[in-house]
Each structure stands twice: as C-alpha cells, then as structure tokens.
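Have a look at the structure below, then the notes.
Chain A is the first sequence line, chain B the second, and so forth, proteins listed ahead of strands; every chain is numbered from 1.
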Amino acid sequence: MVYTPGVHKKPYNKSSMIKQIQLEQDSGKSLHDIELKQSLVDLNRAGAPLIEIVFEPDLEDGEEAAALVKELVLIVQRLGVCSGRMEEGALRVDANVSIRREGDPLSTRTEIKNIGSVRGVASAVRYEIDRQQSVLENGGNIINETRMWDAAAKVTVPMRDKEVVQDYRYMPEPNLPPLRVNLTTREDTQDIISVPLISDRIPELPAVSRAKLIENHDLRPEIAIQLVNEPALFDFFNNLMNKKRNPTKVANLLLNDLLTVLNRRKIDVNNCTISVEQLDELTDMVLQKKINLDICRSVLEEIIGNRKSPFAIVDEKGWSLVTDSKEITEQCKRVFDDNPKLVKQYRDGKVKVLRALLGILSKTSDNKLDMSVASKIMEELLRK
RNA sequence: UGGGAGGUCGUCUAACGGUAGGACGGCGGACUCUGGAUCCGCUGGUGGAGGUUCGAGUCCUCCCCUCCCAGCCA
C-alpha cells in the first residue's frame with residue numbers, strides 16, 4: 001500500500017512481481033565517503049545468511065519503491081527475521097531505474113547503490129528519474145552504470161571504476177542447493193518445499209492485517225496503515241475490539257490520545273506499561289460519554305506505570321462529564337457575568353470571541369463540561 | 001545517516017487546546033513642515049498533506065526544510 005501524506009491524496013495498492021530470490025552469504029557492506037575519497041568495506045556481517053530478492057520493473061516512481069521497501073521492513077519485522085533497519089545494514093536496497101515513453105521499451109537502466117534509508121529510496125529514485133529524463137531531453141544517452149546516492153547532497157553520482165565493487169561474482173555454495181518451491185499444494189516432498197504450508201505457519205503478514213482492519217472494522221486505510229505500523233497499538237486495538245465498539249473511535253483513542261501521553265513522557269509505544277484492562281475501562285468511559293477527551297488524557301497520565309483502575313480514578317477525582325443542560329446554562333451565565341466586555345464584543349459582531357468565552361467556561365469548570373453541548377447552549381444564550 | 005534542537009508577518013518575538021498579538025521594517029498620513037526626530041493609521045504570518053476535537057500555531061501520523069553534534073585518524 002502506497003501512501004505518503006502530502007504526496008498522495010489517498011493510499012493505493014500496487015504490486016511488484018518477484019523475479020528471483022537468491023540465498024547467499026553476506027559478503028560485507030561497503031561504506032563510501034565522497035569527501036575523503038575513500039571506500040571501506042565492513043566485514044562484520046561477512047558470512048551471515050542473506051536473501052536477495054529481485055523485483056520486476058513494475059513500480060513507477062520513488063514513492064512506490066519506498067513503499068515496497070517499507071513493506072519488506074514490516075514483513076521481516078513481523079516474521080522476526082531481523083530488525084529491518086537499513087542503517088544497520090540489516091536490510092539493504094539497490095534501485096534500478098530506467099524510463100520510457102508510454103508504449104516504448106524501457107531505456108538503459110542505471111543502478112543506484114548506497115541508499116541508507118526508506119526515504120532515501122524515494123529521494124534517490126526520484127532524483128534519478130529526473131536526471132535521466134533531462135539527459136534524454138538534452139539529446140544525451142543514458143549509459144549502463146552504477147551510481148551512488150549522496151544523501152546529504154541529494155544527488156546520485158557515478159561511481160568511479162575503483163569504487164565499483166568487483167567481487168560481485170556468485171560463488172556457488174555447495175551447502176545451498178537450489179531451492180525448489182511448490183506454490184500450490186500443501187505437500188512437501190524431498191526436493192520441493194510447499195509454500196502454502198509455510199504460509200500457514202508464519203504470522204499474519206502486514207498486508208493481511210491491514211485488509212482485515214479495513215474489511216472487518218470498516219477502518220479508513222490511513223488508520224489501518226498507522227495501526228499496523230505500530231505493533232503495540234495493533235495488539236491493543238485487537239484486544240479492545242473483543243467487545244463490540246466503534247472501531248474508528250477506538251483506533252483514534254490509541255493513535256491520538258494514548259500516543260500524546262506517551263510522547264510527552266518520551267515512552268516508546270512498545271514499552272508501554274498500560275494494561276489492556278486499564279484501556280478497556282478507559283475506552284468504555286470515553287465511548288459512553290462518561291468523560292471527555294481532556295479528562296481521558298488526564299486519566300492516561302494517572303495510570304501510566306501503575307495498575308490503577310480508570311473507573312476508580314474518575315470516581316475519586318470527580319471527573320465525570322457534566323451533560324446536564326441546566327447546570328451548563330448556569331455556568332454560561334456565570335461566565336457572561338464575569339466577562340461583560342467579551343459578551344459586548346460578541347454582540348457587536350465579533351463572533352470569534354465565542355471561542356474565548358468557551359475557553360473560560362471550560363477552564364473555570366475543571367474541564368468537566370461536555371463542551372459540544374456547552375458550545376451550543378452558549379451560542380444560543382448569546383443570541384438572545 | 002544516527003543523536004539533539006528548531007520551522008509563527010520581510011526580520012525578531014509572544015499566545016495552560018479557546019479572539020494569532022507586539023516590536024522593527026515597509027506603505028500612508030499628521031505634526032504649519034524637507035526631521036536620519038516624534039505621533040497616528042495601514043500592511044502582513046502559523047513549512048506541507050491528512051487526522052483527532054465543539055474548537056488546532058499548539059495534540060497524532062507522515063513528508064519537507066534549517067541548525068548543532070557524531071561519522072575520518074583506530
């Protein structure tokens with residue numbers, strides 16, 4: 001699923017076919033420093049198992065390429081294969097770029113190396129597409145070459161001959177015989193591995209999780225993406241949805257209010273100590289309009305790092321939502337009496353001060369009022 | 001790239017989630033007048049896209065950009 005807010009209006013799905021998968025041993029990572037004109041080879045991972053996946057040229061821009069890489073990262077994380085962090089070299093990407101006019105065959109491709117992040121994939125590919133286009137428009141030719149992505153300068157530069165790693169020949173490894181796979185049946189034979197059997201055993205893939213969220217809970221794709229990107233929140237969500245609840249509201253509670261509090265405390269979501277039971281009580285109160293979202297965040301602050309019951313806290317602190325219109329009306333009148341100048345401004349046509357009045361109302365009543373009700377009441381009172 | 005800090009009128013700087021304000025500049029005017037002085041008025045802004053909310057500069061996600069530190073010597 002491809003979605004970069006600010007670039008794409010809506011998420012969309014895109015597929016790229018796998019052309020080939022190679023099992024290898026890691027040879028080492030090369031590090032290039034352009035300013036110092038030297039390249040180093042990091043052999044720390046030499047000999048580590050490595051899978052190389054080659055995709056068909058199905059993707060059309062840098063964002064799609066980055067989305068594919070992001071998806072791979074999510075998959076290897078979900079499967080527990082590795083951290084998927086590109087800067088650790090746990091996952092590495094080279095991008096091949098070629099362009100063509102509609103209907104024409106693909107032009108010569110270039111290969112981009114030294115891409116160090118998911119966003120780097122998007123930037124590097126975008127740059128290379130633009131570069132090739134401008135070369136061709138100026139009557140030049142694209143040569144088949146390997147270029148390096150310079151993340152700081154945001155350009156690709158040709159690798160000098162010396163820099164091109166020459167040891168990239170495949171030495172057949174006798175302990176790694178060709179892997180024959182069977183894509184259709186659940187039957188392993190001596191030489192042929194059944195892919196469906198493996199699919200049965202591995203955790204649900206991110207794409208499936210998203211599809212389920214969208215279909216079973218009617219969530220918007222943007223929300224599904226966010227939930228699946230944060231495993232801890234995804235788990236919370238699934239647990240909370242064991243009761244029948246409004247899925248979007250539950251997701252928003254997690255993605256907005258929980259994250260607000262965790263960010264403020266600089267706590268990583270995956271180290272979140274709040275229990276499902278606590279969230280369960282809290283969610284009930286929010287959805288049943290027993291408390292508003294301001295109070296919800298206060299409760300979150302209270303229960304972080306302990307086992308306190310949200311019910312008990314709200315009870316103890318008297319934080320229950322006030323929805324009674326008589327009481328709200330009283331409070332509004334009190335605010336009017338205390339702020340005659342603002343009221344006059346409003347009646348003189350400066351409607352914006354309604355916000356100021358609402359702010360005062362909210363603050364001077366301990367944030368307990370149901371402000372959606374209060375704003376209606378106050379506006380009516382002012383019009384009289 | 002990683003870690004840290006940032007992004008509000010042209011510039012600098014405010015706004016517990018509640019009327020985006022001030023200063024400088026610029027423009028216009030006044031002061032009976034060529035003043036590089038003073039006063040008044042006007043101008044003009046929340047980096048981008050989504051989202052949460054009765055209400056977002058402020059909260060959430062992603063993106064973009066800037067600055068600092070680190071990457072070399074091992």
Side-chain angles (χ1 to χ4, degrees), chain A residues 1-11 29 31-40 42 62-63 66-67 70 85-89 92 114-124 126 149-154 219-230 233 246 248-264 266 269 286 289 292-298 300-301 321 323 328 332 335 339 341-346 348-367 369-380:
Chain A
M1 190 169 284
V2 184
Y3 181 52
T4 307
V7 176
H8 307 110
K9 206 71 184 165
K10 292 277 171 199
K29 177 172 71 162
L31 304 165
H32 307 280
D33 193 308
I34 292 170
E35 286 178 16
L36 292 176
K37 300 189 171 137
Q38 46 183 302
S39 294
L40 300 167
D42 175 359
E63 295 299 335
K70 174 69 180 168
R85 297 176 63 83
M86 285 183 71
E87 72 277 6
E88 291 172 4
R92 270 170 275 161
N114 196 41
I115 302 176
S117 67
V118 173
R119 284 315 299 166
V121 174
S123 308
R126 177 161 40 92
W149 173 240
D150 179 342
K154 291 199 176 284
L219 289 180
R220 291 183 310 115
E222 294 90 329
I223 293 182
I225 291 172
Q226 282 186 47
L227 279 179
V228 171
N229 283 352
E230 284 305 346
L233 296 184
N246 180 324
T248 298
K249 294 206 161 155
V250 171
N252 283 337
L253 185 76
L254 295 171
L255 292 170
N256 270 292
D257 303 285
L258 179 59
L259 282 181
T260 294
V261 174
L262 292 178
N263 285 346
R264 193 144 54 202
K266 296 194 194 294
V269 251
V286 172
K289 294 201 175 254
N292 63 28
L293 288 175
D294 277 320
I295 298 297
C296 171
R297 283 197 276 261
S298 303
L300 280 168
E301 296 272 10
L321 192 65
T323 52
I328 292 175
C332 285
V335 170
N339 300 277
K341 282 185 192 165
L342 288 177
V343 175
K344 183 168 189 309
Q345 274 187 56
Y346 182 91
D348 287 346
K350 192 164 182 183
V351 186
K352 266 192 302 188
V353 298
L354 176 65
R355 286 196 192 176
L357 288 166
L358 285 170
I360 294 166
L361 174 66
S362 171
K363 268 178 240 166
T364 54
S365 54
D366 296 330
N367 280 329
L369 300 190
D370 182 338
M371 291 302 289
S372 60
V373 175
S375 66
K376 289 197 189 92
I377 290 180
M378 181 175 271
E379 205 169 350
E380 277 175 31

For [N], take OP1 and OP2 only and decide whether either is under 4.0 Å from a side-chain N or O of [X].
| X | N | value |
| --- | --- | --- |
| K352(A) | rA20(B) | yes |
| N263(A) | rC60(B) | yes |
| K9(A) | rG50(B) | yes |

So, the side chain of [X] versus the backbone of [Y]: is there a donor-acceptor pair under 3.5 Å, distance only?
| X | Y | result |
| --- | --- | --- |
| S362(A) | G359(A) | no |
| N367(A) | D294(A) | no |
| N246(A) | K249(A) | yes |

Using the [atom1] atom in both, what is the distance from [N] to [M], to the nearest Å?
| N | M | atom1 | result |
| --- | --- | --- | --- |
| rG17(B) | rC60(B) | P | 11 Å |
| rA49(B) | rA70(B) | P | 36 Å |
| rG26(B) | rG45(B) | C1' | 15 Å |
| rU61(B) | rG4(B) | P | 15 Å |
| rU1(B) | rG44(B) | P | 38 Å |

Side chain [X] and base [N] donor-acceptor under 3.5 Å:
| X | N | result |
| --- | --- | --- |
| R355(A) | rG17(B) | no |
| Q345(A) | rU19(B) | yes |
| N252(A) | rG51(B) | no |

I need the [atom1]-[atom2] distance between [X] and [N], as an integer number of Å.
| X | N | atom1 | atom2 | result |
| --- | --- | --- | --- | --- |
| M371(A) | rG18(B) | CE | P | 11 Å |
| L354(A) | rU19(B) | CG | P | 11 Å |
| D294(A) | rA56(B) | CG | C1' | 13 Å |

Basic-acidic side-chain contact under 4.0 Å: E222(A), K10(A):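 A salt bridge links E222(A) with K10(A).
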Considering only NZ, NE, NH1 and NH2 on the basic side and carboxylate oxygens on the acidic side, decide whether K154(A) and D150(A) come within less than 4.0 Å.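 No salt bridge links K154(A) with D150(A).
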